[in-house]
Amino acid sequence: METRAGNNFLHAIIKEDLEMGRVSEVVTRFPPEPNGYLHVGHAKSICLNFGLAETFGGRCNLRFDDTNPEKESQEFIDSIQEDVRWLGYEWAEEVRFASRYFQQFYEWAEYLVVQGKAYVCDLNAEQAREHRGTLTEPGRNSPYRERSPEENLDLLRRMKAGEFPDGSRVLRAKIDMASPNMNLRDPILYRIRTAVHHQTGSEWVIYPTYDFAHGQEDAIEGVTHSICTLEFEDHRPLYDWFIEHLPVPSRPRQYEFGRLNLNYTVTSKRKLKQLVDEGVVSGWDDPRMPTIAGMRRRGFTPASVRKFCEMIGVTRSDGVVDVAMLEHAIRDDLNTNAPRAMCVLKPLRLVLTNLPEGHREDLAAAAHPSRPELGERSLPFTRELLIDTEDFREEANKKYKRLVLGKRVRLRSAYVVEAESVEKDEAGNILAVHARVIPDTLGEDPADGVKPKGVIHWVSATEGRQATVRLYDRLFSDPAPDRGDRDFMDCLNPDSLRVVEGAWIEPGLAAAEPEQGFQFEREGYFVADRYDHSPEAPVFNLTIGLRDTWEG
RNA sequence: UGGGGUGUCGCCAAGUGGCAAGGCACCGGGUUUUGAUCCCGGCAUUCGUAGGUUCGAAUCCUACCACCCCAGCCA
């Protein structure tokens, strides 16, 4: 049985390759460079690669494309593995590293030299640029292009031996300096970099470029479908050139799809890194970051991220997905799965005058309105309660469905109350509202037939607990912070984080496990912070607010 | 002015010669002890534009237009 969802052009290609016997098993790979945290765009690639392998019973490797030691680190290797696992995927066997194949790559480099298909070039970066030509003019051959295989082999070995300084020479493929495809104008295979590599230490001073490594990595691992983003399309002829001219063990094929763009969001490692480095956010996992770690801390669930990736599809056209789709994916998941609870963000005292001092009654409330199997929680109902300041007005028009002086409102999962008077200070600020409980309204309408106009949430002022609530909003106030004609830092939303220290939660909430998500009724979905939450000092992050169609 | 791509509703996206799926968003209406959810209904005589082929075209042909990517010893 085929899943209709997840169907895309790559799915179709693989299906046919399998049916035609072009491949016997599908092998994909997710190949991040460990130079940053994974973001929502990577999630799309992960879901695609692992998802395809999964639906066709094949396998997917996690491979670190670690060919540039200067930008990479162990921190990123660790976080990437954690994020892939969190999303719910398992890679085949052990984690792969391009650096494990360095010796093989080197031998293949010598092979090309011997074949007369690669040469050592002494041009410096600037000279090389001049020789490369432009988009409309062909390049010129390097003066070192015709060195003999013997001389090239000698030079290459000495490059490897560390005899030459960084940047002094490179190994280039001998292809075509007049090619309209810039990637074919004698591309660089190896550059000299005296750097300590996080995996190989000081073993190497020459490192292969992406182009000379990627296809060969795929071939070594038996990858059948090497899926990357559109900007690598121009590299495909080069990818194929290496596969064709090298004695590789298999012949992988490259396919490209359109990378994810989200409005109100930046997804470029450079910009995300800048946000972290300049302290605009608290780190790569700040809940406002579009990183996997950030979304996790924000309260997104793995299922919601996967659902989102399924919703947006996979094509070769590049578009900009509305962040509202991501928000829908998480609301949809949490609506059906998150237990309900009550939290008052801006407390206002509500004194129930017809209840005796010290009154306490434990009310049972459903954890979920339509899923009784999720059980119940107990809510202490006392003489003094806290309601939200926004939920009371001395007077209001008929559109206002909350508590109004002299009128009634239903306290969620509890009784109907009627506001009788207001307590104010000299300045006229409301200090408290006095109301009376209408008897016998637990699960019933008032016997006198005067129904409440609405329902508001509440917390016991004496039994509730104080909590820190972090209200997050989108990091950028402009739909296209990425637009090239200005600085994305100028598009930051100054109100992307509001910390509410004096929020009050129903007592049971203090015992929430870190990363546990809830719907705070009438407010939104919140998650107990992964790191900062504790029963003694509860901390909740706003994942996403409830849809709000009230224009009040 | 070189090469490689892409253009279907505000956004994403099916569709591959037989008469425009779906999702998001939006707008109505109903249910509701969450102004949530849920339910019902509306939302492209038209597929970048202009020609052409055909009984018939988003799908085939031609030309044009727009946008994206490529001149790192980054990936």
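Both backbone and side-chain heavy atoms feed into the values below; hydrogens, waters and symmetry mates do not. Sequence lines set the chain letters: A, B, ... in the order given, protein chains first and strands last, and positions in each chain run from 1.
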Item to check | 5' precedence on RNA chain B between A:Lys44 and A:Thr134 (nearest-nucleotide basis) | outcome: A:Lys44
Checklist outcome for this item: Using Watson-Crick geometry (N1-N3 plus N6-O4 or O6-N4) or G-U wobble (N1-O2, O6-N3), each under 3.5 Å, B:rA20 is paired with none
Checklist entry - Contact class for A:Leu442 (heavy atom, under 4.0 Å): base, sugar-phosphate, or nothing? => result base
Checklist entry - Expressed in whole Å, how much space separates the C1' atoms belonging to B:rA20 and B:rA44? => result 7 Å
Item to check | Distance in angstrom units between A:Glu256 CD and B:rC70 P, rounded | outcome: 14 Å
Checklist entry - For the pair made of CD in A:Glu233 and C1' in B:rG5, what is the distance, rounded to whole Å? => result 5 Å
Next on the checklist: When you measure from the side chain of A:Arg29 to the backbone of A:Leu62, do you find a donor-acceptor pair of N or O atoms at a distance under 3.5 Å?
Outcome noted: no
Checklist entry - With the sugar-phosphate defined as primed atoms, P, OP1 and OP2, and the base as all remaining atoms, what B/S/- string results for nucleotides 34-44 of chain B, 5' to 3', for protein heavy atoms under 4.0 Å? => result BBSS-------
Checklist entry - For atom C1', what is the distance between B:rC9 and B:rG48, given to the nearest Å? => result 14 Å
Next on the checklist: Distance to the ring centre below 6.0 angstrom and angle to the axis at most 45 degrees; does that hold for A:Arg474 and A:Tyr264?
Outcome noted: yes
Checklist outcome for this item: In whole angstroms, the gap separating C1' of B:rA13 from CG of A:Asp322 amounts to 14 Å
Next on the checklist: Below the 4.0 Å mark, does B:rG3 have OP1 or OP2 next to a side-chain nitrogen or oxygen of A:Arg236?
Outcome noted: no
Checklist entry - Contact class for A:Ile312 vs. all strands (heavy atom < 4.0 Å): base, sugar-phosphate, or nothing? => result sugar-phosphate
Checklist entry - Taking A:Phe64 as the fixed residue, which of A:Phe30, A:Phe97, A:Phe76 is the one that meets the ring-ring contact (aromatic ring centres under 6.0 Å, His included) rule? => result A:Phe97
Checklist outcome for this item: Pairing partner of B:rA25, by Watson-Crick or G-U wobble and under 3.5 Å for both distances, is none
Item to check | C1' gap between B:rC27 and B:rC64, integer Å | outcome: 38 Å
Item to check | Protein-nucleotide distance (A:Met182, atom CE; B:rG72, atom P), rounded to Å | outcome: 7 Å
Next on the checklist: What's A:Asn124 touching, base or sugar-phosphate or nothing? Going by heavy atoms closer than 4.0 Å.
Outcome noted: base
Next on the checklist: In this structure, how many angstroms lie between the P atom of B:rA75 and the NZ atom of A:Lys71, rounded?
Outcome noted: 8 Å
Checklist entry - Does CZ in A:Arg259 sit with more than 12 non-hydrogen atoms of other residues, nucleotides or ligands closer than 6.0 Å? => result no
Item to check | C1' gap between B:rG17 and B:rC60, integer Å | outcome: 8 Å
Checklist entry - Is A:Asp234 touching bases, backbone alone, or none of the nucleic acid, heavy atoms closer than 4.0 Å? => result base
Checklist entry - Mind telling me whether B:rG72 is syn or anti, cutoff 90° either side of 0? => result syn
Next on the checklist: Less than 3.5 Å apart, any donor N or O on the side chain of A:Glu33 or A:Tyr210 sitting next to an acceptor on the other?
Outcome noted: no
Checklist entry - What nucleic acid atoms does A:Leu184 come within less than 4.0 Å of, heavy atoms only: base, sugar-phosphate, or nothing? => result nothing
Item to check | RNA chain B: 5'-proximal contact among A:Arg191 and A:Glu231 (nearest heavy atom) | outcome: A:Glu231
Next on the checklist: Give me the distance, rounded to whole Å, that separates B:rC47 from B:rU59 when you measure between the C1' atoms they each carry.
Outcome noted: 10 Å
Checklist entry - How close or far is atom P of B:rU8 from atom CZ of A:Arg316, stated in whole angstroms? => result 15 Å
Checklist entry - How is A:Met325 classified with respect to the nucleic acid when contacts are heavy atoms under 4.0 Å: base, sugar-phosphate, or nothing? => result base
Checklist entry - Can a donor-acceptor pair under 3.5 Å be found between the side-chain atoms of A:His235 and the base atoms of B:rA75? => result yes
Checklist entry - Base, sugar-phosphate, or nothing for A:Val320, non-hydrogen atoms under 4.0 angstrom? => result sugar-phosphate
Next on the checklist: Using a 4.0 Å heavy-atom cut-off, does A:Gly258 contact any base of the nucleic acid, only the sugar-phosphate backbone, or nothing at all?
Outcome noted: nothing
Item to check | Nearest-Å distance for atom pair CG/C1', residues A:Asp318 and B:rC68 | outcome: 5 Å
Checklist entry - Where along residues 162-176 of chain A does a heavy atom come under 4.0 Å from RNA chain B, residue by residue in number order? => result A:Gly167, A:Val170
Next on the checklist: Walk me through whether A:Tyr415 and A:Glu361 qualify under side-chain hydrogen bond (donor to acceptor under 3.5 Å, both in side chains).
Outcome noted: CA-CA 11 Å; A:Tyr415 298 91; A:Glu361 188 178 347; 2.4 Å; yes
Checklist outcome for this item: Across every strand shown, the nucleotide meeting Watson-Crick or G-U wobble geometry with B:rU49 (both distances under 3.5 Å) is B:rA63
Checklist entry - Out of B:rG72, B:rC73, B:rC70, which nucleotide sits closest to the side chain of A:Arg129? => result B:rG72
Next on the checklist: With a 6.0 Å cut-off (strictly less than), is the heavy-atom count around CD of A:Glu19, excluding the residue itself, greater than 12?
Outcome noted: yes
Next on the checklist: Over all strands shown, is A:Ser370 touching base, sugar-phosphate only, or nothing at heavy-atom distances under 4.0 angstrom?
Outcome noted: nothing
Checklist entry - So, A:Asn337 versus A:Arg371: side-chain donor-acceptor pair below 3.5 Å or not? => result yes
Item to check | Short side-chain N/O contact from A:Thr209 to OP1 or OP2 of B:rG72, under 4.0 Å | outcome: no
Item to check | Gap between atoms CZ and C1', on A:Phe232 and B:rG3 respectively (whole Å) | outcome: 18 Å
Item to check | A:Ser179 (side chain) donor-acceptor with A:Met177 (main chain) under 3.5 angstrom | outcome: no
Checklist entry - NA contact type, A:Thr315, heavy-atom cut-off 4.0 Å: base, sugar-phosphate, or nothing? => result sugar-phosphate
Next on the checklist: Over all strands shown, is A:Arg410 touching base, sugar-phosphate only, or nothing at heavy-atom distances under 4.0 angstrom?
Outcome noted: base
Next on the checklist: Taking the P atom in each of B:rG41 and B:rC24, what is the distance between them to the nearest angstrom?
Outcome noted: 15 Å
Checklist entry - Taking the inter-plane angle between the rings of A:Tyr207 and A:Phe102 on a 0 to 90° scale, is it parallel (under 30°), tilted (30 to 60°) or perpendicular (over 60°)? => result perpendicular
Checklist entry - What distance, rounded to whole Å, do you find between the two C1' atoms, one in B:rC68 and one in B:rA63? => result 22 Å
Checklist entry - A:Ala324 near the nucleic acid: base, sugar-phosphate alone, or nothing, with a heavy-atom cut-off under 4.0 Å? => result sugar-phosphate
Item to check | NZ or CZ of A:Lys453 within 45° of A:Tyr400 ring axis and under 6.0 Å | outcome: no
Checklist entry - Under 3.5 Å, is there a donor-acceptor pair between the A:Glu75 and A:Ser73 side chains? => result no
Next on the checklist: Given the ring of A:Tyr119, does A:Arg147 sit roughly above its face, with NZ or CZ under 6.0 Å from the centre of the six-membered ring and within 45° of the axis?
Outcome noted: no
